[in-house]
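This report refers to the structure that appears directly beneath it.
In what follows, every heavy atom counts, from backbone to side chain, and hydrogens, waters and symmetry copies are set aside. Here is how names work: the chains are called A, B, and so on, in the same order as the sequence lines, proteins then strands, and each is numbered from 1.
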There are 2 protein chains.
Amino acid sequence: MAAVNPRTWKQPMKQKLTISIQDYMKTIYELTENGESASTNALAQKLKVSAPSVTGMIKKLASSKPALVEYQKHQGVTLTKEGRKAALEVIRHHRLLEAWLVQTLGYSWDEVHEEAERLEHVISEDFERRIATAMGHPLRDPHGELIPTEDLKMPVDESTPLSSLRPGQNGIVTCVKAADMELLRHLESLGLVPSAEIEVKEYSPFDHNLTVKVEKKTSVLGFNITTKIFVEITK
Amino acid sequence: MAAVNPRTWKQPMKQKLTISIQDYMKTIYELTENGESASTNALAQKLKVSAPSVTGMIKKLASSKPALVEYQKHQGVTLTKEGRKAALEVIRHHRLLEAWLVQTLGYSWDEVHEEAERLEHVISEDFERRIATAMGHPLRDPHGELIPTEDLKMPVDESTPLSSLRPGQNGIVTCVKAADMELLRHLESLGLVPSAEIEVKEYSPFDHNLTVKVEKKTSVLGFNITTKIFVEITK
DNA sequence: AATAAAATTTAGGTATGACTAAATTTTAGA
DNA sequence: TCTAAAATTTAGTCATACCTAAATTTTATT
């Protein structure tokens with residue numbers, strides 16, 4: 001039961017209007033995964049904050065000791081070694097939490113994200129260790145995303161992008177990336193979840209996009225499934 | 001593994017220097033449990049914040065809609081109905097979390113407090129419901145403290161204060177209140193934990209304090225165990 | 001009842017991360 | 001290459017919760 005209704009409660013002041021350092025690090029990590037640097041604008045959009053605010057914060061993160069980011073005017077941001085570790089720690093928290101919430105509290109695959117998003121910032125290293133141990137140090141979270149190791153390294157992904165499959169080939173879904181909850185639920189209803197077997201029926205090489213027809217429901221065609229879905233080739 | 005060592009990392013700025021509203025509410029609740037009003041000074045001490053800061057925040061909490069506290073200059077603070085609910089919600093979170101962490105992650109009785117202290121602010125109502133259900137809606141946390149009900153009411157405590165026991169009487173410990181971790185561990189090592197059977201050997205009515213000799217180790221005498229320890233009389 | 005001590009509030013100021021608007025730099029198109 | 005558009009940073013503010021020091025009110029003591 002909610003103590004005060006957030007819709008009707010007129011708060012005395014705005015608490016927590018600030019984006020945490022961890023959120024900055026995580027977002028920079030995500031934007032620079034491909035090797036490129038993250039622009040302040042891109043960061044601003046992701047973090048839902050104005051571009052000037054990002055510039056200011058980035059400067060601070062670049063001048064901390066040790067520095068967490070590398071930054072040059074108009075050149076975007078990259079992570080330092082320490083910065084990458086900081087990012088991977090939050091990501092490890094997030095993914096371990098997702099896995100754990102699904103396993104022990106019956107959260108569904110598509111519900112856990114928000115909860116983990118809040119918990120990831122406050123759990124202790126002890127907590128992290130306990131849930132990792134309790135689950136036998138899983139490699140992937142419920143979405144199939146790789147979980148950074150305890151020493152904060154991102155494991156190499158040995159799965160193959162869906163786009164490399166050709167009609168007639170089979171695969172096992174290892175990872176489903178989608179920010180949209182609606183889409184997640186739809187994919188689940190189609191059986192497009194990690195560990196599901198799929199068969200590629202049609203290939204349209206345009207822009208590396210792949211159209212997958214899942215056996216029974218072709219309505220998935222309505223979604224533009226890009227290489228964000230990865231499969232592991234059975235053989 | 002810690003991403004950045006908090007001892008050596010020179011943060012770019014100080015994040016989270018603010019006490020949450022929830023912490024204010026929880027602390028006010030604890031200070032007013034006996035029916036008295038909480039002084040700004042007492043609050044300041046508990047929250048480790050200056051007295052003027054408390055005055056300022058209290059004023060804001062009193063002018064929010066709905067108001068969470070009742071406040072008159074120099075007269076201390078009390079909770080409104082809504083305020084009490086807000087406090088009980090955090091307390092419910094805290095105690096459910098403690099119970100759950102002990103049950104599912106093997107935390108010991110004395111370790112859970114800190115972890116719960118951080119998690120209590122970020123879990124959703126959904127999470128609250130899930131762990132409550134998973135544990136079968138427990139009445140007490142691992143320390144024996146009563147858990148507020150789902151509709152945010154504090155159950156009446158039907159156990160009897162230890163001070164009402166006389167030499168020769170037996171009891172079952174229901175609750176052990178102690179802020180100090182060292183003491184908690186010591187009490188545990190003596191077997192003074194919830195559901196333990198105890199026998200009162202000696203009674204010193206001074207100031208309602210009771211000296212309990214636990215069978216084997218009399219070193220507990222060194223601790224001034226007050227009525228903060230409650231027992232349930234076996235018969 | 002007067003005064004000293006304690007508790008509390010007021011006044012004034014700091015640090016932080018956010019914002020908008022304007023200035024600048026980079027990028028892209030003619 | 002020049003110029004217009006886009007991206008980015010600078011400048012200047014604001015809101016918040018905190019702080020210290022001083023003023024005030026309450027309380028406790030003689």
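- For Y107(A), there are no ring-ring contact (aromatic ring centres under 6.0 Å, His included) partners at least two apart in sequence or on another chain.
- Y71(B) meets the side chain to side chain donor-acceptor pair (under 3.5 Å) test with no other residue; sequence neighbours excluded.
- Listed by chain and number, the residues in a ring-ring contact (aromatic ring centres under 6.0 Å, His included) with F127(B) are W100(B) (sequence neighbours excluded).
- With sequence neighbours excluded, the residues satisfying salt bridge (charged side-chain N to carboxylate O under 4.0 Å, His left out) with K153(A) are D151(A).
- Residues of residues 68-76 of chain A having a heavy atom closer than 4.0 Å to DNA chain C, listed by number: H74(A).
- With sequence neighbours left out, the salt bridge (charged side-chain N to carboxylate O under 4.0 Å, His left out) criterion links E128(B) to R92(B).
- Between the side chains of H113(A) and H143(A), no donor-acceptor pair of N or O atoms lies under 3.5 Å.
- E111(B) pairs by the salt bridge (charged side-chain N to carboxylate O under 4.0 Å, His left out) definition with R130(A), not counting sequence neighbours.
- The interatomic distance linking L61(B) (CG) with dT16(D) (P) rounds to 13 Å, in whole Å.
- For the segment residues 36-53 of chain A, the set of residues with a heavy atom within less than 4.0 Å of an atom of DNA chain D comprises S39(A), T40(A), N41(A), A51(A), P52(A), in numerical order.
- Judged as a salt bridge (charged side-chain N to carboxylate O under 4.0 Å, His left out), and not counting sequence neighbours, E33(B) has no contacts.
- Going from atom CE of M57(B) over to atom P of dT16(D) covers 10 Å, rounded to whole Å.
- Here dT16(D) presents its C1' atom at 14 Å from CD1 of I19(B), a figure rounded to the nearest Å.
- When the P atom of dT9(D) is taken as reference, atom CD1 of I58(A) falls 9 Å away, rounded to whole Å.
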